[in-house]
Amino acid sequence: MTDWPNSIARKAVLDFKPYSARGGASNALHLDANESPWAPPPGQSAMGYNRYPEQQPAVLRQRLADLYGAQPEQIMIGRGADEAIEILLRTFCEAGRDSILVCPPTFGYYQTCAAIQGADIVKAPLKADFSYDADLVISKIQAAGASLKIVFLCSPNNPSGNVIDPTHITDLCAKFPQTLIVVDEAYAEFSDGESFTKDIENTPNLIVLRTLSKAYALAGVRLGVAIADPRIINLMLKVLPPYPIARPVEDTVLGALTPAAMPVHTARLKLWRTEKTRMADALKASPFVKTIYPSQANFLLLDIVDDETLLRALEKAQVKIRDFRQTLPGKMRLSIGSPAQNDIALSVFGVAVAPQRPKRIAEAHRKTKETDIAVRVNLDDATGTSINTGLGFYDHMLEALAKHGKFGLVLSCQGDLEIDAHHTIEDCALTLGTALARALGDKAGAGRFGFVMPMDETQANIAVDLSGRPAMVFRGNFPTDHAGDFPAEMCPHFFESLAQTLGASIHIDVRGDNTHHMIEACFKGLGRALAPAFKRDGVDIASTKGVL
Ligand SMILES: *Cc1c(COP(=O)(O)O)cnc(C)c1O
């Protein structure tokens, strides 16, 4: 197998000399690519948009390698996983001679690309319950012989939502070392199973596809990857266009996948799963739904009865779901949306949903040269708190604030702690205030509150008014200048910053003999004061003006 994977590649791909592009711009004076020396209007020269990008931008490739637990040289970045599928076909399948194998019903683009490339399509359909037919796949590959170049397996499968038992995939890779086994993991983030990326190192014919379109909310940006043995990747890069990844795409992806943003993505995925379970349960009561197929993805495949009535109701409500009746009699696929969107879908499906008020969940992201912060708050669910600022004492304080404030808080910060704690503490406060203000929305049902917090020798008096008018008054003297890694002077500064973006007036009087106790009493006491202020009892606004 020294010749791998050239032994199975198209001869034309082996023979041609790749298009010679310059590669990324360096600090040299570049007069080598006929680019403009000027930034495009409105003149953001720092973005480098006047220069051609690298074929595989190195920083982005490293980030994606980290995200997927792979090495950069094992990754081909493309415009969506779609492009990776297309490039696989063009690299390995000779028109009129070679073939691919698919297991329908499955993702349609494998066949589209095969048809465009002039490759034959061998089908090994899933069983009636959509489970994978391992024996059939093996016998079809054996029958097709050496001209069968690529097997496309989709797990979790689109549109059925189920996964293929990983031992079948491992067996297939071992049994057919001269055939590429592609595992399309477009929905891996939603499933309990482990990614096959961990096997790439020891499996030269395995290719894993991943995408940022589903779990990471970047469908419009177009970015996906193939992960495989570097020898396969290098052949594919010969076929890939010289500049597929536009610079704004790289900027957007790096901005959405900062280390600080990852806990927020995790919290979203968790909610997505909860919603899928809720939908699968609720749809059992729908007069239109006969069967709900178990799904490890972010959609449900449904067997529909009285489809025409349902389609009319969907049309009337302007709700779109995917109609598969042409190929799968009676079946439609419903994507899982936000809780509010799912409620709309349920009502169209004729399921009575208890009128629930929109969950007060909000996020705020803030990135500067000093800090990179992501915050997600849930005023209606205090579970799932996870905090990481890099400052142990501060984490402890924010946790106390959320716990006593009875709200869920995901907060992560990558700050310039090598300078000091100032930016981290201040910027987290600002971002937290922004997220809380967003979650409060029109503040219907919210009020004005205070709390007296005794803690051993310490007592803190805290009063909060969610007035929309930021103000902060702090009275207290700390006996020492630090509590752990937290500078005491940053305590009033935290509340000042929070008040600003939350749009609240916060009054704190604190006295005591122990700095740790005093700071902790302020955070806990503020939480205690905020809990009733955040609580939604009725719909009245606690102000004679009708707005806060
Ligand atoms: C959505 C999807 C893709 C394509 O992903 P992009 O990165 O958006 O091109 C690939 N495979 C499956 C199974 C999909 O559902």
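We count ligands from 1, going down the list as the structure has it; atoms in each ligand are counted the same way. Numbers for residues simply follow the sequence, beginning at 1. The figures that follow rest on heavy atoms only: side chains count, while hydrogens, waters and symmetry mates do not.
By the 4.0 Å N-to-carboxylate-O rule, E250 lies too far from R63 to be salt-bridged with it. R222 and E83 are not joined by a salt bridge, as no carboxylate oxygen comes within less than 4.0 angstrom of a charged side-chain nitrogen.
More than 12 heavy atoms of other residues, nucleotides or ligands lie within 6.0 Å of CG in D15, so this atom counts as buried by the packing criterion.
Atoms CG and NZ, from N205 and K149 in turn, are 14.0 Å apart once rounded to the nearest 0.5 Å. Interatomic distance, CD of Q74 versus CD1 of I233, reported as 8.0 Å (0.5 Å rounding).
At a 4.0 Å heavy-atom cut-off, the residues surrounding ligand 1 are G80, A81, D82, F107, C154, N158, D184, A186, Y187, T211, S213, K214, R222, listed by chain and number.
Between Y187 and F299, the ring center distance clears the sub-6.0 Å criterion.
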